[in-house]
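Below is one structure, written out as structure tokens; the observations come after it.
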Amino acid sequence: MDLFDKIIVGGGASGMMASITAASRGEKILLLEKQGFLGRKLLASGSGRCNLTNINLDLHCYHGQNALQFAKTALESFDNQTTIKFFEEMGLRLQVEDEGRVFPSCGESATVVELLKQRLHQLNVNILLHAEVVKIEKKRDFFEVSRRNEGYRGEKIIISCGGKAAPQLGGRESGYQLAQQLGHRIIPLRASLVPLELVGNWFHKLQGVRVTVEISAWLKGKRIDVKRGELLFTKYGLSGPVALKISRVVSDFYDKKDFELRVNFFPGETKESLKHKIKMGLLGLLPHKLIPTLFDENPERLLKNLTSLVIKVKKTRPLSEAQVTAGGVDTSEVYSQILESKIVKGLYFTGEILDIDGDSGGYNLQWAWSSGYLAGSQ
């Protein structure tokens, strides 16, 4: 049985990056992917356009129990500018769009996946598809990785299986199960970048309505997050870019008694500034002496609903509708400087399987590139 320098379990974004990085160092690499092709979720990312990274890379855009400290080394070792250079050197033209999001100029995720596959082949990475790993055992001097009827040996193992979100794109719990077999604790999995279900039924009549708003999250009367963007009302509650952005904090606190969302339909306006603008807008429509009499009678409820409409969240939609999984392998059990397990020497983790998840806008793919590079370099 051949002995590989590294076996990478999972052929998504971080698994391919780990394989390319390790093979570039002259190592003998085996990449195992349970599906019939590589990069399934990558093909769907950015609505099929592949939001590769964001020029406004910020540690505060990442979440998890120890995200700020844990993600720092990986994101600095392979940052957004390095990501841009990496893909440009493979011949991919890129463009920066609103909110700093970076996309291929061709607008196709398939091109990104094809370039990565070509690089893997150029580096002679051994790729096995339809190769679901069911067990990993640490022997004295190597790991034994088992499929149903076959086994492989590797000096080091990188688990890059991805998260549970979007099972229609291959999201599974298999990676977490492998981590648990090897002694690791899993932080409970939750949906992130996901639509929201609301309490009540008032929103049913607004189904299909889109509006640009500012939405803030409040806990015990204190604002803990705020996002701005397009909101879409649905039959169950809220969707659209801004709902997905705020969903990360919602997933942590929606079941708390004193948690609520507040929607400002006039971003940047307060009740007082909006009150003045509405009065001015009525000039020419009504006699000017009549306006304060009519408007000042009882404007408070209207102004509050326009600038601070309180919304109660029932729950997030399920992981099957989420773009990203929050939770995962406990990062306190992993060395942040090299992404190696503190429990099993020679075992590494990358990407979404770790308890690290990013905001919408290219941050999750950047984490995949960065963590894949760092683990593949060891």
Side-chain angles (χ1 to χ4, degrees), residues 8-20 31-54 62-63 83 86-87 92 101-104 107-117 119-120 127-133 158-179 189-195 241 244 247-248 317-329 349-373 375-376:
I8 288 86
V9 183
S14 71
M16 286 191 284
M17 178 58 80
S19 300
I20 289 170
L31 175 59
L32 301 173
E33 167 54 44
K34 65 177 180 286
Q35 299 195 81
F37 48 88
L38 300 175
R40 176 74 181 274
K41 284 188 177 181
L42 189 56
L43 285 168
S45 67
S47 299
R49 297 178 58 223
C50 200
N51 187 179
L52 287 168
T53 185
N54 196 297
Y62 291 91
H63 313 281
T83 297
F86 172 80
F87 283 102
L92 189 66
R101 297 177 300 162
V102 180
F103 290 91
E108 292 183 344
S109 297
T111 301
V112 176
V113 174
E114 189 58 36
L115 286 171
L116 291 170
K117 286 167 59 179
R119 187 65 180 138
L120 289 166
I127 301 171
L128 286 180
L129 303 177
H130 301 292
E132 183 173 5
V133 173
I158 301 177
I159 298 182
S160 305
C161 297
K164 188 181 177 182
Q168 68 276 18
L169 300 176
R172 297 288 187 274
E173 290 189 63
S174 57
Y176 307 111
Q177 293 167 352
L178 292 173
L189 307 180
R190 307 177 306 288
S192 185
L193 302 187
V194 66
L244 269 60
S247 68
R248 180 56 177 84
R317 295 291 284 178
L319 268 164
S320 60
E321 297 181 28
Q323 294 181 14
V324 176
T325 308
V329 173
F349 298 99
T350 70
E352 194 177 349
I353 193 173
L354 286 158
D355 181 29
I356 298 287
D357 60 285
D359 289 345
S360 175
Y363 296 101
N364 287 289
L365 267 184
Q366 181 59 58
W367 172 245
W369 310 131
S370 298
S371 59
Y373 172 83

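Computed from a predicted model, the values in this text were never measured in an experiment.
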Seminar exercise, completed: On a heavy-atom basis, the closest approach of G36 and L129 is O-CD1, 3.0 Å
Problem set entry | From CD (Q35) to CZ (R172), nearest 0.5 Å | 7.0 Å
Exercise. Short question: side chain of S192, backbone of A326 - any donor-acceptor pair under 3.5 Å?
Worked result: no
Seminar exercise, completed: On a heavy-atom basis, the closest approach of G10 and L31 is O-CD1, 3.4 Å
Problem set entry | Criterion side chain to side chain contact (heavy atoms under 4.5 Å, CB included) on T350 and W369, from CA distance to verdict | CA-CA 9 Å; T350 70; W369 310 131; over 6 Å; no
Exercise. Okay, side chain of S109, backbone of G48: is any donor-acceptor separation there less than 3.5 Å?
Worked result: yes
Problem set entry | Under the side-chain contact (heavy atoms from CB on, under 4.5 Å) test, residues paired with L128 that sit two or more places apart | L30, L32, A131, R147, Y152
Problem set entry | S247 (side chain) donor-acceptor with L193 (main chain) under 3.5 angstrom | yes
For this session: Could you tell me the separation between the CD atom of E114 and the CG atom of L38, rounded to the nearest 0.5 Å?
Result: 10.0 Å
Exercise. Would a distance-only check, ignoring hydrogens and angles, find a side-chain to backbone donor-acceptor pair under 3.5 Å from E352 to T325?
Worked result: yes
For this session: Mark yes or no for whether N51, through its side chain, and T53, through its backbone, hold a donor-acceptor pair below 3.5 Å.
Result: yes
Seminar exercise, completed: For A13 and L365, the nearest pair of non-hydrogen atoms, with its separation, is CB-CD2, 3.7 Å
For this session: To the nearest 0.5 angstrom, please state how far the CD atom of E33 sits from the OG atom of S19.
Result: 10.5 Å
Exercise. Do F37 and L43 come within less than 4.5 Å of each other through their side chains, counting heavy atoms only?
Worked result: yes
For this session: Could you check if a side-chain atom of L52 sits within less than 4.5 angstrom of a side-chain atom of L92, using non-hydrogen atoms only?
Result: yes
Problem set entry | Sub-4.5 Å side-chain heavy-atom contact between K34 and V9 | no
For this session: Quick one: do C50 and L42 satisfy side chain to side chain contact (heavy atoms under 4.5 Å, CB included)? Show the steps, please.
Result: CA-CA 7 Å; C50 200; L42 189 56; 3.7 Å; yes
For this session: Measure the spacing between CZ of R119 and CE of M16 and express it to the nearest 0.5 Å.
Result: 14.0 Å
Exercise. What pair of heavy atoms forms the shortest contact from P104 to R49, and how long is it?
Worked result: CD-O, 3.1 Å
Exercise. Yes or no on side chain to side chain contact (heavy atoms under 4.5 Å, CB included) for V102 and T83, after CA distance, side-chain angles and deciding distance?
Worked result: CA-CA 10 Å; V102 180; T83 297; over 6 Å; no
Problem set entry | OH (Y373) with more than 12 external heavy atoms under 6.0 Å | no
For this session: Search all heavy atoms of Y176 against all heavy atoms of I353 and return the closest pair with its distance.
Result: CE2-O, 3.6 Å
Problem set entry | Sidechain-backbone polar pair: K117 side chain, G39 backbone, donor-acceptor under 3.5 Å | no
Exercise. So among R190, R248, Q323, which one has a side chain to side chain donor-acceptor pair (under 3.5 Å) with D357?
Worked result: R248
Exercise. What's the spacing between I356 CD1 and Y363 OH if we round to 0.5 Å?
Worked result: 15.5 Å
Problem set entry | Closest non-hydrogen atom pair between S320 and P167, with its separation | CA-CD, 3.5 Å
Exercise. Backbone N or O of W367 within a donor-acceptor pair of the S370 side chain at under 3.5 Å?
Worked result: no
For this session: First locate atom CZ of R40, then atom OG of S45, and finally report the distance between them rounded to the nearest 0.5 Å.
Result: 13.0 Å
